Each structure stands twice: as C-alpha cells, then as structure tokens.
Amino acid sequence: MAGILAWFWNERFWLPHNVTWADLKNTEEATFPQAEDLYLAFPLAFCIFMVRLIFERFIAKPCAVALNIQANGPQIAQPNAILEKVFTAITKHPDEKRLEGLSKQLDWDVRSIQRWFRQRRNQEKPSTLTRFCESMWRFSFYLYVFSYGVRFLKQTPWLWNTRHCWYNYPYQPLTADLHYYYILELSFYWSLMVSQFTDIKRKDFGIMFLHHLATIFLITFSYVNNMARVGTLVLCLHDSADALLEAAKMANYAKFQKMCDLLFVMFAVVFITTRLGIFPLWVLNTTLFESWEIVGPYPSWWVFNLLLLLLQGLNCFWSYLIVKIACKTVSKGKAGKWNPVHVSKDDRSDIESSSDDEDSEPPGKKLHSSTTTNGTSGTNGYLLTGPCSMDD
C-alpha cells in the first residue's frame, strides 16, 4: 500500500520541476491546499442533500401551492391484467404488430391501447409539483453559489488579469474564501452524483453523469496541485447560466409561458456566449498558453487541460441541443409565434401526454376501421410533450 501511495502521489507527476510536497506544507505564514481537505466534501454533501429535502418540503412546496401547482400526477390507466403483464414483462412501447394483436385479444381499438400504455408510462413520472420543487432547489443553490463566486472573484487580481493564476505558482496561499468556494462546489456535485439516481430521470442521464464526474475530477485535481485560481474562473463561468435555466423551468411549471420563453432565450444567450466564447478564449487560453509560458508543462498539467477539453466537448454538445431547439422552433413557428419551450418539450421531454380530445375518449370497443388503421392521424397514437427539462 505504501508503494502504491508513493506511486500515486509522485511529485514528478503532480508538481512542476524542482517542487516537492514538502514545499507546500502549511506553515504559520501561509496555508496551501492539502489533499486531505477534500474529505470534508463527503459529510458536507450529505448535509446539502438533507438541506435540499428540508428546502423542498418547507419552502419550495408552499411556493408551488401558492402558484396553484397541483400535486396530482398524470391520469391513472384503467386496470387491465393483460396489458399490465405486457407492460411489466415485455415492453413499455409495443410496436404496431403487438398493438394489433392486443387489439384483437381485448377487442379494443389500437388507439385506446396506445393511450393505455401512454398513461401507464406516465404513472411512473413525477408530478409537476415535484419537478417544480427540484428546480426551485437548484435555482436557489445556483443563484447563491454564482453570486458568491462573483463577489469573491471581484476582489482577486486573476479575474482581471489571468496571468496572475500562474505568477508564483505553485506557492500561492489558500485563502478562507477560496477554500469555502471550492469545498462547497465539490460537495454539491457529490450530492448530485448520488441524487441523480433518485431525481427525475431524463434522456441525457449518461451525459449528465459524465459531466458531474468530470467536474468532480477537475475540482479535485485542480485543488490538489493548487490550480485553484483558474479553477474558480471555470466554476463561476459555468454557474452563470444554470440559474436561468431552472428559473425558466419553474415558470413553465407555473404556466407563465411568456416569462418562460424570455428566460429560456436569456439562458441560451448566456450559455452559448460563456461556454463557446468566453471559456475557450479566456480560460483555455490561460491554461494552455499563458501557463505554458510562465510555468511550463508537466504531467498533471496535460491531464488538467485534457479534462478541460472534455468539459468543452460537453459544452459543445449542449450548445448543439440549444441551437437545435431554436431551429425547430423557427421551422415550426412559420404560422405561429416564437416559443422555444414548445420545441424543447420534443427534444428532452419529462413526460408524455396527448391532446385533450384524445385523452377524453375512454378505452372501449373497436371503432370504425378507418380510425384504427394508422393509429391517430400521423402521431402514432400520442404526442410527445412535456415541461422544459434541459439541464447542465
């Protein structure tokens, strides 16, 4: 074990040439980041998770009720043993051939069977009130941590001149504000790693898991080798758009459509500007070029920059989704008005629902053959809609 630890903490990997761990030990004159500081993130992550539960129960839920957001879930599917067996044991999305077989077996029209499966799938989805509470918690945290980051960085020289991230590196003392900022962010992302398995499941679960993992690696990596100054720039820049997205989702759940559209447009502008413009031109420029000039490359320097490039790849992917949403909105809005959230519902829906007239028709006997040949006039039996759900 001692040999493994010695290999893992090899100074020639983690630190620049001629620098040792002994040089970065805490003294009475200065405090430096220590790897053991990061253990504090685990109990704090648990505390953040508990604070979230209290917040959602006693703050977010009353706010949702005040906005007339109901806790009622989707419509309950009519009990049917045969369809339930197919749903639980075979498939939740039966194909056309299976639908026709079930139609003959139950003497139901295909459209009613499609509706039953849609309603049954929706029963496993959380209510709008649950979504609102989750978004309000994330909005509150993102707003707080971004505000704290801006207030902290305004007082630092490296915000105004990124070369200060590398002057006297790695002998840069750790301040209490910087330590608090880093541990808070790390604790939050550890809590997200756990809660992601219990939160609302979305289509980009794998991408979000990769994002949280890369973020934790970046925070941990930059703290251990004292790249915390540039790390604060990365954190604050990536927090800038998150609160706007959660606010747009809250407005959508509360049915404030115009406010939702405005907030979504603001989110898209801030997201693309910061992550495709400021991040590569400002942050990647200093980590790749200014640090090379002032400090020079060493093994962990390469790893750190590879992680940042991975993060930028995720930024490009999400920017593509946002542009795709905008393009669909323009193409679908030829005879209507600008409404980006309506398109985002198709791209990353949280819940399936159908039109009001379709849901109002109860399952029953077969209809005329002309209504069951192709399902429901070009929608394959249901429409994919739902609240805006894009996450970072």
Side-chain angles (χ1 to χ4, degrees), residues 4-5 7-9 13-14 33-52 134-135 137-138 141-142 145-146 149 179 181-228 230-243 245-246 271 274-276 279-280 283-284 287-288 299-322 348 389-392:
I4 292 175
L5 291 176
W7 169 81
F8 181 80
W9 293 111
F13 171 79
W14 289 97
Q34 305 295 316
E36 53 266 24
D37 298 344
L38 299 176
Y39 291 132
L40 183 61
F42 295 106
L44 284 180
F46 175 77
C47 291
I48 288 176
F49 184 76
M50 298 306 297
V51 169
R52 170 186 173 172
E134 178 185 314
S135 290
W137 158 250
R138 295 195 181 197
F141 182 86
Y142 289 141
V145 76
F146 176 67
H179 178 261
Y181 189 29
Y182 246 69
I183 296 300
L184 180 64
E185 290 273 15
L186 182 60
S187 302
F188 178 70
Y189 278 101
W190 271 120
S191 72
L192 286 183
M193 284 286 289
V194 176
S195 64
Q196 189 178 14
F197 294 93
T198 59
D199 286 344
I200 299 169
K201 295 296 187 295
R202 296 187 171 94
K203 293 180 181 179
D204 64 345
F205 176 89
I207 297 296
M208 288 304 299
F209 185 84
L210 179 62
H211 169 266
H212 297 336
L213 199 62
T215 302
I216 289 172
F217 277 149
L218 273 169
I219 294 175
T220 302
F221 206 88
S222 60
Y223 187 87
V224 169
N225 64 3
N226 205 13
M227 290 185 178
V230 73
T232 58
L233 300 180
V234 177
L235 289 172
C236 190
L237 195 65
H238 282 74
D239 288 335
S240 59
D242 293 336
L245 175 61
E246 299 302 331
F271 187 97
T274 55
R275 308 207 181 188
L276 296 190
F279 181 69
V283 176
L284 290 182
T287 61
L288 288 170
S300 68
W301 178 95
W302 291 101
V303 175
F304 180 68
N305 279 287
L306 283 175
L307 288 172
L308 288 179
L309 292 173
L310 171 63
L311 186 61
Q312 182 61 9
L314 294 175
N315 291 337
C316 293
F317 171 77
W318 280 310
S319 298
Y320 160 76
L321 288 182
I322 294 173
R348 302 180 60 219
S389 65
M390 178 167 291
D391 275 319
D392 174 19

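Note that the numbering runs from 1 along the sequence shown for the chain. This one's a predicted model, so the numbers in the text were calculated from it and none came from an experiment.
Between the side chain of E246 and the backbone N or O of E134, no donor-acceptor pair lies under 3.5 Å. When atom types are taken as modelled, the side chain of S300 and the backbone of F13 share a donor-acceptor pair closer than 3.5 angstrom. In terms of modelled atom types and a separation under 3.5 Å, the side chain of T220 and the main chain of F217 share no donor-acceptor contact. In this structure a side-chain-to-backbone donor-acceptor pair under 3.5 Å is present from W14 to F8.
The closest side-chain heavy-atom distance from D242 to R138 is not below 4.5 Å. V194 has its side chain out of reach of F49: every pair of non-hydrogen atoms, C-beta onward, lies at least 4.5 Å apart. A 4.5 Å side-chain heavy-atom check between F279 and H238 finds at least one atom pair inside the cut-off. You'll find the side chain of V224 reaches within 4.5 Å of the side chain of L38, heavy atoms only.
Between F304 and F221, the ring planes are parallel. Angles under 30° get that label, and only those over 60° would be called perpendicular.
To the nearest 0.5 Å, the span separating CG on L314 from NE2 on H211 amounts to 6.5 Å. Taking OH of Y223 as the start and NE2 of H179 as the end, the distance is 4.0 Å to the nearest 0.5 Å.
Across all their heavy atoms, W190 and A45 have their closest contact at CB-CB, 3.8 Å. Of all heavy-atom pairs spanning M193 and F209, the tightest one is CE-CE1, 3.6 Å. For the residue pair N315 and F271, the shortest heavy atom distance occurs at O-CE2, 3.9 Å. Heavy-atom minimum distance, L276 versus P280: O-CG, 3.4 Å.
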